[in-house]
S.K.: 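I am attaching a structure below and will ask some questions about it afterwards.
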Amino acid sequence: MQSALVDTGIWYGIFDKKDERYGIAQSIMDDLDCFKTVVPWPTIYETLRTRFVKNKFALQDFEIFLKAKERSNQIEYLDDMMYRQDAFDLSLESSLRGRRPLSMVDCLLRLIIEDRNVK
């Protein structure tokens with residue numbers, strides 16, 4: 001089964017009806033059923049911010065989705081420990097001296113995508 005690396009914005013778009021990408025993201029949710037979903041832990045921290053957890057319906061739907069994926073072994077929570085320092089350094093370098101500012105989570109996702117050992 002192929003894998004899909006999912007970022008925070010997708011979760012907001014799928015589960016928060018107030019999100020501007022809600023309609024578009026619904027089609028992505030259907031596509032996620034065809035993939036093993038790879039979830040780096042920092043994206044969960046970003047997703048479960050105060051505003052999102054106060055949205056009871058979005059939070060419940062998110063929980064139902066994750067548990068269903070867990071039951072079918074279609075989800076992998078990816079430990080980010082081996083990427084943290086490099087993501088930290090890359091975020092600072094890009095944001096202070098680089099072409100454009102990049103969040104640490106975005107840098108971490110880039111490192112995961114570049115890692116040939118991650119399927």
Side-chain angles (χ1 to χ4, degrees):
M1 176 177 280
Q2 290 186 325
S3 299
L5 181 65
V6 181
D7 192 8
T8 307
I10 296 295
W11 299 131
Y12 295 148
I14 291 173
F15 297 106
D16 185 353
K17 292 180 181 175
K18 295 177 185 173
D19 190 280
E20 63 191 39
R21 298 166 300 251
Y22 179 76
I24 296 167
Q26 291 304 299
S27 64
I28 293 170
M29 184 172 175
D30 295 335
D31 293 338
L32 282 178
D33 288 338
C34 301
F35 295 93
K36 181 172 204 155
T37 304
V38 179
V39 182
W41 279 106
T43 64
I44 296 293
Y45 295 130
E46 277 189 327
T47 302
L48 297 179
R49 65 183 181 182
T50 302
R51 187 173 139 226
F52 188 81
V53 298
K54 286 182 177 180
N55 181 339
K56 187 174 181 178
F57 297 111
L59 187 59
Q60 285 175 333
D61 288 346
F62 185 55
E63 178 187 31
I64 290 166
F65 174 83
L66 292 177
K67 287 187 176 187
K69 290 288 250 181
E70 288 169 3
R71 281 192 299 276
S72 64
N73 291 320
Q74 286 187 299
I75 196 160
E76 178 183 348
Y77 295 101
L78 188 64
D79 184 9
D80 65 312
M81 182 58 107
M82 65 184 282
Y83 304 101
R84 284 183 195 166
Q85 187 63 52
D86 289 339
F88 177 73
D89 294 341
L90 183 59
S91 179
L92 291 177
E93 181 64 29
S94 176
S95 300
L96 293 173
R97 291 171 280 287
R99 295 179 305 270
R100 67 179 224 207
L102 293 171
S103 76
M104 187 172 163
V105 175
D106 288 344
C107 290
L108 182 122
L109 294 174
R110 288 169 182 243
L111 292 169
I112 291 169
I113 291 167
E114 291 173 1
D115 187 346
R116 294 180 185 264
N117 297 316
V118 176
K119 294 182 180 183

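Model, not experiment: these values are computed from the prediction. All heavy atoms count here, side chains included; hydrogens, waters and symmetry mates do not.
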S.K.: Which pair of non-hydrogen atoms, one from Asp7 and one from Thr43, has the smallest distance, and what is that distance?
M.R.: OD1-CG2, 3.9 Å
S.K.: Around atom CZ of Arg99, are there more than 12 heavy atoms from other residues, nucleotides or ligands closer than 6.0 Å?
M.R.: no
S.K.: Taking CZ in Arg51 as the centre, count heavy atoms belonging to other residues, nucleotides or ligands within less than 6.0 Å. Is the count above 12?
M.R.: no
S.K.: Kindly check if the number of other-residue, nucleotide or ligand heavy atoms within 6.0 Å of CE (Met1) is above 12?
M.R.: yes
S.K.: Could you grab the distance from atom CG of Asn73 to atom NZ of Lys36, nearest 0.5 Å is fine?
M.R.: 6.5 Å
S.K.: Return the CD1 to CG distance between Ile112 and Leu78, rounded to the nearest 0.5 Å.
M.R.: 4.5 Å
S.K.: First locate atom NZ of Lys69, then atom OH of Tyr77, and finally report the distance between them rounded to the nearest 0.5 Å.
M.R.: 10.5 Å
S.K.: So which heavy atom on Met104 is nearest to which on Ser91, and how close?
M.R.: N-OG, 3.5 Å
S.K.: Phe62 and side chain to side chain contact (heavy atoms under 4.5 Å, CB included): which partner among Asp16, Thr47, Ile14?
M.R.: Thr47
S.K.: How about Phe88: does its CZ atom have over 12 heavy atoms from other parts shown lying under 6.0 Å from it?
M.R.: no
S.K.: At what distance, to the nearest 0.5 angstrom, does CD1 of Ile10 lie from CD1 of Ile28?
M.R.: 4.0 Å
S.K.: For Glu114 and Tyr83, test the side chains for any donor-to-acceptor distance below 3.5 angstrom and give the result as yes or no.
M.R.: no
S.K.: Looking at Ser103 and Asp106, what are the two nearest heavy atoms and their distance?
M.R.: OG-N, 3.0 Å
S.K.: Do Leu108 and Trp41 touch side chain to side chain, with heavy atoms closer than 4.5 Å?
M.R.: no
S.K.: List the atom of Asp80, the atom of Pro42, and the distance in Å for their closest heavy-atom pair.
M.R.: OD2-CG, 3.3 Å
S.K.: Can you give me the closest heavy-atom contact between Ala87 and Cys107, atom names plus distance?
M.R.: O-CB, 3.7 Å
S.K.: Is it true that Ile113 and Val105 fall in one hydrophobic cluster, defined by side-chain heavy atoms closer than 4.5 Å?
M.R.: yes
S.K.: Say whether, by atom type as modelled, one donor and one acceptor occur between the side chain of Thr37 and the main chain of Ile75 under 3.5 angstrom.
M.R.: no
S.K.: Is there a path of hydrophobic side-chain contacts, each under 4.5 Å between heavy atoms of I/L/V/M/F/W/Y residues, joining Met82 to Leu5?
M.R.: yes
S.K.: Say whether, by atom type as modelled, one donor and one acceptor occur between the side chain of Ser94 and the main chain of Arg100 under 3.5 angstrom.
M.R.: yes
S.K.: Consider only side-chain heavy atoms of I, L, V, M, F, W and Y, link residues closer than 4.5 Å, and tell whether Phe57 and Leu59 are in one cluster.
M.R.: no
S.K.: Using a 3.5 Å distance criterion without hydrogens, assess whether the side chain of Ser27 forms a donor-acceptor pair with backbone atoms of Ile24.
M.R.: yes
S.K.: Give, for atom CD of Gln74 and atom CG of Leu32, the distance between the pair rounded to the nearest 0.5 Å.
M.R.: 9.5 Å
S.K.: So do the side chains of Met29 and Phe65 get within less than 4.5 Å of each other, counting heavy atoms only?
M.R.: yes
S.K.: Within 45 degrees of the axis of the six-membered ring of Tyr12 and under 6.0 Å from its centre: does Arg49 put its NZ or CZ there?
M.R.: yes
S.K.: Check for me, please, whether Phe15 and Leu66 land in the same ILVMFWY cluster - side-chain distances under 4.5 Å, paths through other members count.
M.R.: yes
S.K.: About how many Å separate CG of Leu48 and CH2 of Trp11, when rounded to the nearest 0.5 Å?
M.R.: 11.0 Å
S.K.: Same hydrophobic cluster for Val39 and Val53, using side-chain heavy-atom links shorter than 4.5 Å among ILVMFWY?
M.R.: yes
S.K.: Specify the closest pair of heavy atoms between Pro101 and Ser95, including all atoms of both residues, with the distance to one decimal.
M.R.: CA-OG, 3.4 Å
